Amino acid sequence: MEANLRKKELEENLRKKEMEEERRKQEMQANLRLQEIKRLASETLVKGEKVFCYPTIVTPDQDIEIFLNNTISSLIGESNILIMGAFNDWRYKSFTVKLNKTSFSGEWWSCQIHVPKEAYKIDFVFFNGKDVYENNDMKDFCITVEGGMNVFEFEELLLEEKRRELERLAKEEAEKERRAEEERRIEAEKASSEADRAQARDEAERRRGMLQEVLKKAVKFVNNVWYIEPSEFEGGDKVKLYYNKSVGPLANANDVWIHGGFDNWKDGLSIVAKLNKFVGKDGDWWYADVVVPNRSLVLDWVFADGPPQRATLYDNNLRQDFHAIVPIPIPQDLFWAEEEHEIFKKLQSERRLREEEIRAKAEKTARIRAETKEKTMKTFLLSQKNIVYTEPLDVQAGGLVTVYYNPTNTVLNGKPEVWFRCSFNRWTHRMGLLPPQKMLPSDSGLHVKTSVKVPLDAYMMDFVFSEKETDDGVFDNKNGMDYHIPVFGGVTKEPPMHIVHISVEMAPIAKVGGLADVVTSLSRAVQDLNHTVDIILPKYDCLNLSNVKDLDFYKSYLWGGTEIKVWLGKVEGLSVYFLEPQNGLFWAGCIYGCKNDAERFGFFCHAALEFLLQSGSHPDVIHCHDWSSAPVAWLFKDQYMHYGLTKARIVFTIHNLEFGAPLIGKAMAYADKATTVSPTYSREVAGNPVIAPHLYKFHGILNGIDPDMWDPFNDKFLPVSYTWENVVEGKKAAKEALQQKLDLKRADLPLVGIITRLTHQKGIHLIKHAIWRALDRGGQVVLLGSAPDPRIQNDFVNLASQLHSTHHDRARLCLTYDEPLSHLIYAGADFILVPSIFEPCGLTQLTAMRYGSIPIVRKTGGLYDTVFDVEHDKERAQSQGLVPNGFNFEGADAAGVDYAVNRQVHDFFFEVYYPSLTIAVNQADGFNFYVDRFAFLYRAISAWYESRDWFNSLCKVVMEQDWSWNRPALDYLELYHAARK
Ligand SMILES: Nc1ncnc2c1ncn2[C@@H]1O[C@H](COP(=O)(O)OP(=O)(O)O[C@H]2O[C@H](CO)[C@@H](O)[C@H](O)[C@H]2O)[C@@H](O)[C@H]1O
């Protein structure tokens, strides 16, 4: 016990001693610290400075003390002093803290600040809590934090935080949207339910009224004619219905049948039975067993001498029919209330089924759309593989990417070194240009490679290659476009561009040809990529206004000696400004075809630029098309650019060089960038004197088609909606509908469709030839086309009457413009023929494929770029990441068409009959002669007849190919950016 006490006492003393020791140590440290601080204070004063901090070396995640000498600051004499600051160039964790006066001599004030671990710098000023500041002569004070993050690491950190924040916001937004959607759904369901209820009430009311009428005629029996046993019965019971046939028209009939229904024949003929002879009563009595339908009020029937369709004699009660009352076990009102409820339930379940179908369809459409887009993007990225590709293929923000480059296919071929020069966000990234990186050999041998860290705020990776580290020497900058690869998952999105199309056509409200389709569909695609697109169009008196939503007067201005009214409306989701000069230039009942077209459109171009100027609009790109809006290019460059529309660049697209070449040439000279609608056409016209001088800014970009406007899965003009999955069934139904509509033979025959403007360009003689050949081969032909030239129109009217008499059930020429019919032809045809002499792009072959029809085309322009022959073009298709999708032919003579339509003609003729004449293949006339003789074997049609399974699989293949704007819209965006450089 004693010893224990002693031990405790000793321990207690030891502890006290230790504490005393510790206290002394701390005191010493505090003294030392104070000494050090005092020393720093006087040193600071000697230097004529007013601020220092302790410790002098500041590191992250540490407490520091900041000192201010008030005698030499602008806060002299103030009794309240605060520090206001933040870290990392004022971007992180701001603070405001009160300073205390220190105990040592001089007017030193101080406060403690915690330096966070992310800090690389402290920035601060002092103030009196109100309006007097000490901010180091406007430079602010700063202290560098050593050994922690650098500026770039901190940027990454902020971006990471931003990314998390964006994710959180997106989640919140999605949840909000989900709830709003749910509410909308509930509201809509409530409204629809009410509508169903009202409809059920009306329907019940209507039935009740009608039945009252019938009930007036209904009885329980008619003496000596008919009666029912038992006399008391209700719905669901089996009864015997007796009939005395000797009293009516069936007196001599051998058999008697009852043809019956109920409630005024509500469900039509629902009771049919043969009557049996009933012996033992006066008269000629017969009976049938009848089950009284549930919830019926009246039975209706007639008697006949046979079953339905075979009876010849009837007793229909002198045209009144027979009607028996079915007693109901409940009060009338209750019965009708129940009836109304039944009708309501039926309406509601039918509606829900319908809604579910629509929802499922919309979901499927969206899913297909997204999958196609993703697939196209992947093929796009892979398609450059022979020059550039990345690993991973889709570059992610925040990730590491390896760039592979194959110089053998570029201007850097054979150079000993390749240097990679990269930045982000179209060369505008905050980090600027990364230092050039020397590319290293890769395993493939052909490619060199290098790796880059992609910042979190990147949306685009930009690069070029050079032979040297320095800025001289040869560069591969992709012909001035630079290489750009989209970056996914970044925190920054590409800032939207503002594009204005000035055009004289726009589908579907002012369409003459493909230009109209392209203006609308390209705009929609670019708008879908989050850019702003407007269209300026003349307000023709012949506009198809039913397709313009929310059309409203927008403003009016004076120009060109007249008032110009501007109307704003939505067409296919696009904002369209309609210019209506009050001098009536566009009140001519047509788009083209006036003597002064050039003057009218020249006026329009001028008025459109004036409108942009007067409304203070500053588009990034003004896009004009063909000769009709070509003047925009020079009016802008000569005048409006200097009047204030400074920012815009002019992009000019040639859809057809055949018309207005001098105007096109002039626009080519003035435009910042010019395009035509396919790579092959761009090469075909490269030598043209209006194009040749401008090749450096001239690009061929393929047209696309709008996947919403042309969509067999959601096409109101088709009888059965289809995707590639049910293409055979969908096209069969469409073909039948087409045959029926055009009064053609309803049979399973190969059907060739032609949809075209009938002009020289479209290969009129080839079209005619093909019609006859297809008919020879037992096919059907439908042509939809109209000719602006009356002589051609007449020619076709004659051909039509000839064909309609010789082949009235297999040929139909519809010589008019008919959009709905065109949809049915695209869907119902097996082949779409496009034998154009020249074709800048051609949309009909693309639409054909979207509808699972096989294109047969002449190898020219865009037709060559989009249709790959099933026999000859496998490799060419493969190089584009595609598989063959149709038939094509060369030459502008009829033999070509035959060859496309007839696979075996050549082999058959030259190998079997004249093997030595193979050389004649190229001699068009000779070949044509023999082909006509042997025109019973047509290549495409033969495939249809002989290999239906293969043919059907080809329909699937073409439907799966993506000829929308998914890919070309990206090319246009590249071009717009390049125009702005
Ligand atoms: N009678 C009719 N009834 C209903 N619809 C009809 C029709 N006749 C034609 N069409 C439709 O009009 C469009 C014509 O497209 P094309 O590509 O053949 O254009 P076009 O030669 O007019 O245009 C020029 O511009 C386009 C767009 O750049 C280029 O693709 C093309 O090569 C170039 O000649 C298609 O959508 C087609 O379905």
Side-chain angles (χ1 to χ4, degrees), residues 501 503-508 510-523 544 591-592 623-629 652-660 664 674-682 684-685 700-706 709-710 715 717 753-764 767 782-788 792-793 796 800 812-827 829 832-851 853 855 857-858 860-867 963 965 968 972:
H501 287 269
S503 168
V504 308
E505 284 192 51
M506 180 190 188
K511 170 167 162 178
V512 173
L515 188 161
D517 293 301
V518 170
V519 168
T520 304
S521 52
L522 167 62
S523 301
N544 173 0
I591 296 177
Y592 307 100
H623 195 152
C624 45
H625 303 264
D626 271 359
W627 69 271
S628 47
S629 55
F652 175 60
T653 293
I654 301 175
H655 298 261
N656 199 334
L657 187 53
E658 202 185 23
F659 309 105
I664 288 179
T675 71
T676 188
V677 288
S678 72
T680 296
Y681 189 65
S682 80
E684 287 169 356
V685 297
I701 302 180
L702 210 59
N703 283 336
I705 50 167
D706 192 298
M709 294 162 88
W710 298 108
D715 191 323
F717 302 119
I754 303 157
I755 301 169
T756 185
R757 291 182 297 111
L758 291 167
T759 58
H760 152 76
Q761 170 191 350
K762 302 296 179 181
I764 284 177
I767 290 177
V782 173
L783 177 144
L784 171 64
S786 58
I792 300 179
Q793 181 81 7
F796 271 85
R812 195 67 68 241
L813 310 193
C814 309
L815 301 175
T816 149
Y817 183 90
D818 186 338
E819 173 97 25
L821 180 59
S822 76
H823 285 241
L824 197 57
I825 299 174
Y826 281 124
I832 293 287
L833 177 74
V834 199
S836 308
I837 301 303
F838 71 92
E839 195 61 82
C841 176
L843 300 174
T844 48
Q845 81 280 15
L846 306 182
T847 313
M849 290 193 266
R850 175 88 171 131
Y851 282 73
S853 300
V857 307
R858 204 179 146 259
T860 181
L863 300 173
Y864 179 74
D865 291 332
T866 53
V867 177
W963 297 107
W965 283 97
Y972 267 102

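In this text, all values refer to a predicted model and were calculated from it rather than measured experimentally. In each ligand, atom 1 is the first atom listed, and ligand 1 is the first ligand listed. Note that these values count all heavy atoms, side chains included, but never hydrogens, waters or copies made by symmetry.
- Of the N or O atoms in Val512, none lie within a sub-3.5 Å distance of an N or O in ligand 1.
- Every atom of ligand 1 with a heavy atom of Arg757 under 4.0 Å away is listed here by number and element: 8 (N), 20 (P), 21 (O), 22 (O).
- Using a 4.0 angstrom heavy-atom cutoff, Gly862 does not count as in contact with ligand 1.
- Asp715 pairs with exactly one of Tyr826, Trp710, Tyr851 by the side chain to side chain donor-acceptor pair (under 3.5 Å) rule, that one being Tyr851.
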- Task: Apply side chain to side chain donor-acceptor pair (under 3.5 Å) to the pair Thr675 and Thr653, showing each step before the final yes or no.
- Result: CA-CA 5 Å; Thr675 71; Thr653 293; 2.7 Å; yes

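- At a heavy-atom distance under 4.0 Å, only side-chain atoms of Val518, from C-beta outward, approach ligand 1.
- When hydrogens are left out, the protein atom nearest atom 11 (C) of ligand 1 is Lys511 NZ, 3.6 Å; that is the closest non-hydrogen contact.
- Residue-ligand proximity: Tyr826 is placed with a non-hydrogen atom under 4.0 Å from ligand 1.
- Among all protein heavy atoms, the one lying closest to atom 10 (N) of ligand 1 is Ile755 CG2, 4.0 Å.
- Looking from atom 25 (O) of ligand 1 to the surrounding protein, the closest heavy atom is His655 CB, 3.6 Å.
- At a threshold of 4.5 Å between non-hydrogen side-chain atoms, the residues Pro968 and Asn703 do not count as touching.
- Less than 4.0 angstrom separates some heavy atom of Asp818 from each of these atoms of ligand 1: 3 (N), 4 (C).
- Annotation: side chain of Glu505 is not in contact with side chain of Asp626 (no heavy-atom distance under 4.5 Å).
- What sits closest to atom 31 (C) of ligand 1 on the protein, heavy atoms only, is Glu839 OE2, 3.2 Å.
- For the atom pair OH of Tyr864 and OG of Ser678, the computed distance is 11.5 Å after rounding to the nearest 0.5 Å.
- With ligand atoms numbered from 1 in the order given, ligand 1 contributes 1 (N) to contacts under 4.0 Å with heavy atoms of Gly785.
- The protein heavy-atom contact nearest to atom 4 (C) of ligand 1 is Tyr817 CE1, 3.5 Å.
- Shown in contact with Gly513 at under 4.0 Å from a heavy atom are these atoms of ligand 1, numbered in order with element: 22 (O).
- Residue Asn656 has at least one heavy-atom neighbour below 4.0 Å for each of these atoms of ligand 1: 34 (O).
- Checked by atom type and distance alone, the side chain of Ser853 never pairs as donor or acceptor with a backbone atom of Ile832 at under 3.5 Å.
- For the ligand labelled ligand 1, residue Thr847 lies outside the 4.0 Å heavy-atom shell.
- Under 4.0 Å from ligand 1, the heavy atoms of Asp517 that appear belong solely to its side chain.
- Proximity to Thr844 (heavy-atom distance under 4.0 Å) selects the following atoms of ligand 1: 37 (C).
- Counting heavy atoms from C-beta outward, Tyr681 and Leu657 have side chains that approach closer than 4.5 Å.
- Taking a 4.0 Å cut-off on heavy atoms, Thr816 registers as neighbouring ligand 1.
- For the pair Asn703 and ligand 1, the shortest N or O to N or O distance falls below 3.5 Å.
- Side-chain contact between Asn656 and Trp627 is absent, with no heavy atoms from C-beta onward closer than 4.5 Å.
- Of the protein's non-hydrogen atoms, Gly514 N, 3.7 Å is the one closest to atom 14 (C) of ligand 1.
- No option in Arg858, Gln845, Lys762 other than Lys762 meets the side chain to side chain donor-acceptor pair (under 3.5 Å) test with Glu839.
- Residue Thr756 touches ligand 1 through its backbone alone, judged by heavy-atom distances below 4.0 Å.
- Between Phe717 and His823, the two ring planes are perpendicular [angle over 60°; tilted spans 30° to 60°].
- In terms of protein heavy-atom proximity, atom 34 (O) of ligand 1 is nearest to Gln761 NE2, 2.9 Å.
- A distance of 12.5 Å separates OG1 of Thr847 from CD1 of Ile825, quoted to the nearest 0.5 Å.
- Closest to atom 21 (O) of ligand 1, if we only count protein heavy atoms, is Lys762 NZ, 2.6 Å.
- The ligand atoms of ligand 1 that sit less than 4.0 angstrom from a heavy atom of Gly842 are 17 (O), 29 (C), 30 (O), 31 (C), 32 (O).
- Panel note: side chain Glu684, backbone Thr860; no donor-acceptor pair is recorded below 3.5 Å.
- The closest side-chain heavy-atom distance from Pro788 to Thr759 is below 4.5 Å.
- Proximity of a side-chain donor or acceptor of Thr676 to a complementary backbone N or O of Ile654 within less than 3.5 Å is detected.
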